[in-house]
K.L.:
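Got a structure for you, questions after.
Numbers here are sequence positions counted from 1. Just so it is clear, the values below take in all heavy atoms, side chains as well, and ignore hydrogens, waters and symmetry mates.
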Amino acid sequence: MIPGIRRIGCSPRPDWQQCADTLGYTYYRNDDGSLAWREDAYYAIAPTAAETLRRAAETLHRMCLALVDEATRTPRGLDAFHIPEAMQPVVRDSWARRDSFLIGRFDFAWQGGRPKLIEYNADTPATLPESTRMQAAWRRATHPALGDRALSEAALVNHLSALRAQDRLDDIVHVVPYPDNREDAVHARYYIDWARQAGLDAVQCELRDLEISTDGRLLHRGRIVRTMIRMYPWELMFRDAGARHLRRCGCRFLNPPWTALLSNKALLPALWRHHPGHPLLLPAAWTPEGMAHYVEKPIHARGGENVRIVAGQETLALEPGTYGDYPRIYQHYADHRIDGVTASIGAWIVGSHFAGITVRESPDAVIRHTSPIVPHLIAG
């Protein structure tokens, strides 16, 4: 048993799939037939552990912002993040304006009662329905007397309302999912609901329906797009033919271009270089020199793709994927099994504050895009 967090077997609700459908969470089964949400176990997180996760997430977010500030002010400081040179002014301008951050999720290994950063999903974080309404519905139905730390919908709505009141976004928000992706189509519907609760006019917009005006503005059906919540990641957008218009398009993006540094695995060696030995970090570098047991990660990998786990001279795991051409970083391997199951403990940030917890698990050492989300409780 790991101090502060336990994995406990339980019986799934017989009607949980109908519940998911009612909530609009419709991708709970992966293409291979496996479940993306499971209720045959839950994680009991002690209040002290939840508080530790809150402090860790907010501390790391501040550390990340300081790193963005330094990288954008340092000549060639964005080169280490492999930001295309033509896009570096876009990132620098975005940070200089302090374009608003919306949402991100730290993924932690939980070791000996302490979180260790695996990565920061701070560009287009997924698992929104599972982390909000599905988690909350499970807790109400199974343990109504106990609490949880579901990702707070109120925090998202309130943050969007505050940005609107501060004139940091337009009254009309275009929500753009990744093309032909059923998971992101659901995420888009959730974002639209939250934006409308915040008093905004939210419009779903497919990427293929965006056009560029003669003066470089983004258009959707003839209307200028002034604020966008997008699920098309910056590493792809920066390499798109239309990227040359980003600097003068006038659109305010949530999350903004400067978050391209946070969702980039180059963040990990940069953090370690600036904060060597920090208790929330794992050693990370651009070479595996000095590491006996490590994880090799492409800087833009998602969902465990192209990850390799190495111990000594032996490759213990090698995942296929589409990110093999990107540069790689090396991070000290963290055994983050809880009661025998590999678990990634997600800590959400909305704006600049902790906003909830998500747990994802795998029977082996790699957490994948298809690995299931498992519910949690805050319990001693």
K.L.:
Using only heavy-atom distances, determine whether the side chains of E183 and Y25 contain a donor-acceptor pair under 3.5 Å.
P.N.:
no
K.L.:
Tell me who clusters with L219, hydrophobic residues only, linked when side chains sit under 4.5 Å apart either directly or through other members.
P.N.:
I224
K.L.:
So which pairs with a foot in residues 23-36 pass salt bridge (Lys or Arg N to Asp or Glu O under 4.0 Å), sequence neighbours left out?
P.N.:
D31-R182
K.L.:
Could you state the interatomic distance from CG (L78) to CH2 (W95), rounded to the nearest 0.5 Å?
P.N.:
12.0 Å
K.L.:
Which residue pairs pass the salt bridge (Lys or Arg N to Asp or Glu O under 4.0 Å) test when at least one of the two sits in residues 152-164, sequence neighbours left out?
P.N.:
R133-E153, R164-D171
K.L.:
For the residue pair Y120 and H61, confirm or rule out a side-chain donor-acceptor distance under 3.5 Å.
P.N.:
yes
K.L.:
The criterion is ring-ring contact (aromatic ring centres under 6.0 Å, His included); which residues satisfy it with H143, sequence neighbours excluded?
P.N.:
Y42, W138
K.L.:
Please name all residues satisfying ring-ring contact (aromatic ring centres under 6.0 Å, His included) with W348, sequence neighbours left out, ordered by chain then number.
P.N.:
none
K.L.:
So, R105 and D107, do they make that salt bridge, N to O below 4.0 Å?
P.N.:
yes
K.L.:
For K116, is there an ion pair with D335 - N to carboxylate O distance below 4.0 angstrom?
P.N.:
no
K.L.:
Output yes when D40 and R38 qualify as a salt bridge under the 4.0 Å nitrogen-oxygen rule, no when they do not.
P.N.:
yes
K.L.:
What residue pairs, at least two apart or across chains, pass side chain to side chain donor-acceptor pair (under 3.5 Å) with a residue in residues 258-280?
P.N.:
E70-H274
K.L.:
Name all pairs fulfilling the side chain to side chain donor-acceptor pair (under 3.5 Å) condition that reach into residues 297-315, sequence neighbours left out, sorted by first residue then second.
P.N.:
T124-R302, E235-R302, E296-R308, K297-Q331, E305-T322, R308-T315
K.L.:
Do the ring planes of Y27 and H187 sit parallel (below 30°), tilted (30 to 60°) or perpendicular (above 60°)?
P.N.:
perpendicular
K.L.:
Which pairs with one or both residues in residues 198-227 pass salt bridge (Lys or Arg N to Asp or Glu O under 4.0 Å), sequence neighbours excluded?
P.N.:
D180-R208
K.L.:
Does I172 sit in a hydrophobic cluster with other residues, and if so which ones, taking ILVMFWY side chains as linked at heavy-atom separations under 4.5 Å, directly or through other members?
P.N.:
V203
K.L.:
What I want to find out is whether R73 reaches D69 closely enough, with some N-O distance under 4.0 Å, to be called a salt bridge.
P.N.:
yes
K.L.:
Between the side chains of R230 and D123, is the shortest nitrogen-to-carboxylate-oxygen separation below 4.0 Å, so that they form an ion pair?
P.N.:
yes
K.L.:
Run the side chain to side chain donor-acceptor pair (under 3.5 Å) test against R149 and tell me which residues pass, sequence neighbours left out.
P.N.:
none
K.L.:
From W16 CH2 over to T22 OG1, what is the distance, rounded to the nearest 0.5 angstrom?
P.N.:
12.5 Å
K.L.:
With a 3.5 Å cut-off and no angle check, do the side chains of R360 and S371 form a donor-acceptor pair?
P.N.:
no
K.L.:
Would you mind writing out the side-chain donor-acceptor pairs for residues 281-295 within the sub-3.5 Å range, not counting sequence neighbours?
P.N.:
none

K.L.:
Which residues pass the side chain to side chain donor-acceptor pair (under 3.5 Å) test with T72, sequence neighbours left out?
P.N.:
none
K.L.:
Give, for atom OH of Y43 and atom CD1 of I357, the distance between the pair rounded to the nearest 0.5 Å.
P.N.:
13.5 Å
